[in-house]
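These numbers were taken from a predicted model, which means no experiment stands behind them.
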Amino acid sequence: MTNNEFVLQGTPSVNQELLDKTATPLVTTNYKLKTAGFWVRFWAFVLDGIIISAVVGIAINPIFYLMDWSMSESVWYAPMSIISAIFYYSYFVLMTRFYGQTLGKMAFGLRVVSLKHDQLKWSDVLFREWVGRLISNIVMPLYVFVAILPDNQGIHDFFADTTVVHEKVYVENESAQATAQPAPATTIQETPKEPEKIEEKPEEL
């Protein structure tokens, strides 16, 4: 291997160091779905409540009249309370699992999305619409966290790592990304070698 070949093989490492030092951030802009705020979710929830009450009144109340069961008891273990609770939570669980939205959310263009999966899973839906919603319904002021937590998450969203977004509304999402600028060309000079002096020996006679 000659000296020139050695110098050329060592050059890329020098350029790489200069390339790393001259890397500059490049801001790229993409878009994400806008999360739904407190009030739009509140009105969607009210609409869901009206729908549930209407269905229970149409489908369940006549059965109680025919069976002569009391509908005036307000304790949680009363037959009417148990049946209404089963229908209430089944409505939210099944609609969210298979459609990603309830009828109230459909009316306002909202959808439940997972922050850790591409699609909602049964575990996400059960934690959100059963466990988390049960806790929020017991302590109603917890719904206010929708206006406080990041990504407009309620307590039931926090349990399932989900949030609610507008289906067709996008906002900018800026992210900085490092990019390398071309490094200035460098020249490596070789010191020329002096020719070796050859001593001439006198010719022997």
Side-chain angles (χ1 to χ4, degrees), residues 19-20 23-56 59 76-77 81-181:
L19 198 63
D20 294 339
T24 56
L26 174 65
V27 178
T28 58
T29 303
N30 53 21
Y31 295 87
K32 63 178 181 179
L33 289 169
K34 181 182 178 181
T35 56
F38 173 80
W39 285 111
V40 66
R41 291 176 61 173
F42 171 78
W43 292 116
F45 180 72
V46 169
L47 182 56
D48 284 325
I50 294 173
I51 294 171
I52 293 171
S53 298
V55 173
V56 170
W76 68 268
Y77 53 83
S81 299
I82 294 175
I83 293 175
S84 298
I86 291 173
F87 186 85
Y88 174 87
Y89 289 106
S90 298
Y91 168 81
F92 281 102
V93 168
L94 296 177
M95 290 292 294
T96 303
R97 175 62 183 86
F98 293 108
Y99 298 100
Q101 51 190 170
T102 58
L103 295 176
K105 289 184 176 67
M106 289 180 186
F108 286 89
L110 307 179
R111 178 177 294 275
V112 180
V113 295
S114 174
L115 297 179
K116 59 182 178 180
H117 304 130
D118 292 335
Q119 295 182 346
L120 289 171
K121 297 186 176 181
W122 274 110
S123 58
D124 302 330
V125 175
L126 290 175
F127 270 104
R128 184 185 194 276
E129 302 296 349
W130 185 24
V131 179
R133 192 173 291 278
L134 177 62
I135 295 173
S136 296
N137 287 341
I138 294 174
V139 187
M140 292 295 289
L142 291 178
Y143 279 109
V144 178
F145 277 94
V146 172
I148 300 174
L149 291 178
D151 295 321
N152 294 114
Q153 288 181 294
I155 292 298
H156 52 304
D157 286 310
F158 185 77
F159 279 119
D161 204 7
T162 59
T163 190
V164 178
V165 298
H166 294 271
E167 286 189 289
K168 298 179 180 180
V169 181
Y170 293 85
V171 293
E172 291 186 359
N173 181 27
E174 293 187 351
S175 59
Q177 194 174 22
T179 182
Q181 299 291 343

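Applying the salt bridge (Lys or Arg N to Asp or Glu O under 4.0 Å) definition to pairs two or more places apart or across chains, none involves residues 93-109. Applying the ring pair (Phe, Tyr, Trp, His ring centres under 6.0 Å) test to pairs two or more places apart or on separate chains, those with a residue in residues 133-159 are Phe45-Tyr143, Tyr143-His156. Sorted by first and then second residue, the pairs that involve residues 109-124 and meet salt bridge (Lys or Arg N to Asp or Glu O under 4.0 Å), not counting sequence neighbours, are Arg111-Glu167. Among residues at least two apart or in separate chains, ring pair (Phe, Tyr, Trp, His ring centres under 6.0 Å) pairs with a member in residues 95-117 are Phe98-Trp122.
Partners of Asp157 by salt bridge (Lys or Arg N to Asp or Glu O under 4.0 Å), not counting sequence neighbours, listed by chain and number: Arg41, Arg128. Val169 pairs by the side chain to side chain contact (heavy atoms under 4.5 Å, CB included) definition with Lys34, His166, not counting sequence neighbours. Partners of Phe92 under the ring-ring contact (aromatic ring centres under 6.0 Å, His included) rule, at least two apart in sequence or in another chain, are Tyr88. Here Asp151 pairs with Thr35, Leu115, Gln153, Thr163 under the side chain to side chain contact (heavy atoms under 4.5 Å, CB included) rule; sequence neighbours left out. When the side chain to side chain contact (heavy atoms under 4.5 Å, CB included) test is applied to Ser84, the partners found at least two apart in sequence or on another chain are Val56, Met80. With sequence neighbours excluded, the residues forming a side chain to side chain donor-acceptor pair (under 3.5 Å) with Thr96 are Glu129, listed by chain and number. By the side chain to side chain donor-acceptor pair (under 3.5 Å) test, Tyr170 is found to be paired with no residue, residues two or more places apart in sequence or in another chain being considered. When the side chain to side chain contact (heavy atoms under 4.5 Å, CB included) test is applied to Ile138, the partners found at least two apart in sequence or on another chain are Leu134.
Rounding to the nearest 0.5 Å gives a distance of 8.5 Å between CG of Leu110 and OG1 of Thr102.
Between Leu47 and Trp43, the closest side-chain pair of non-hydrogen atoms is not below 4.5 Å. Side-chain atoms of Val131 and Leu126, non-hydrogen and from C-beta on, never get closer than 4.5 Å to each other. Contact of the Leu103 side chain with the Tyr91 side chain is registered, since non-hydrogen atoms from C-beta on lie closer than 4.5 Å.
Contact detail for Asp48 and Gly104: the closest heavy-atom pair is OD1-N, 2.7 Å. Residues Gly37 and Val40 come closest through the heavy atom pair O-CG1, 3.5 Å.
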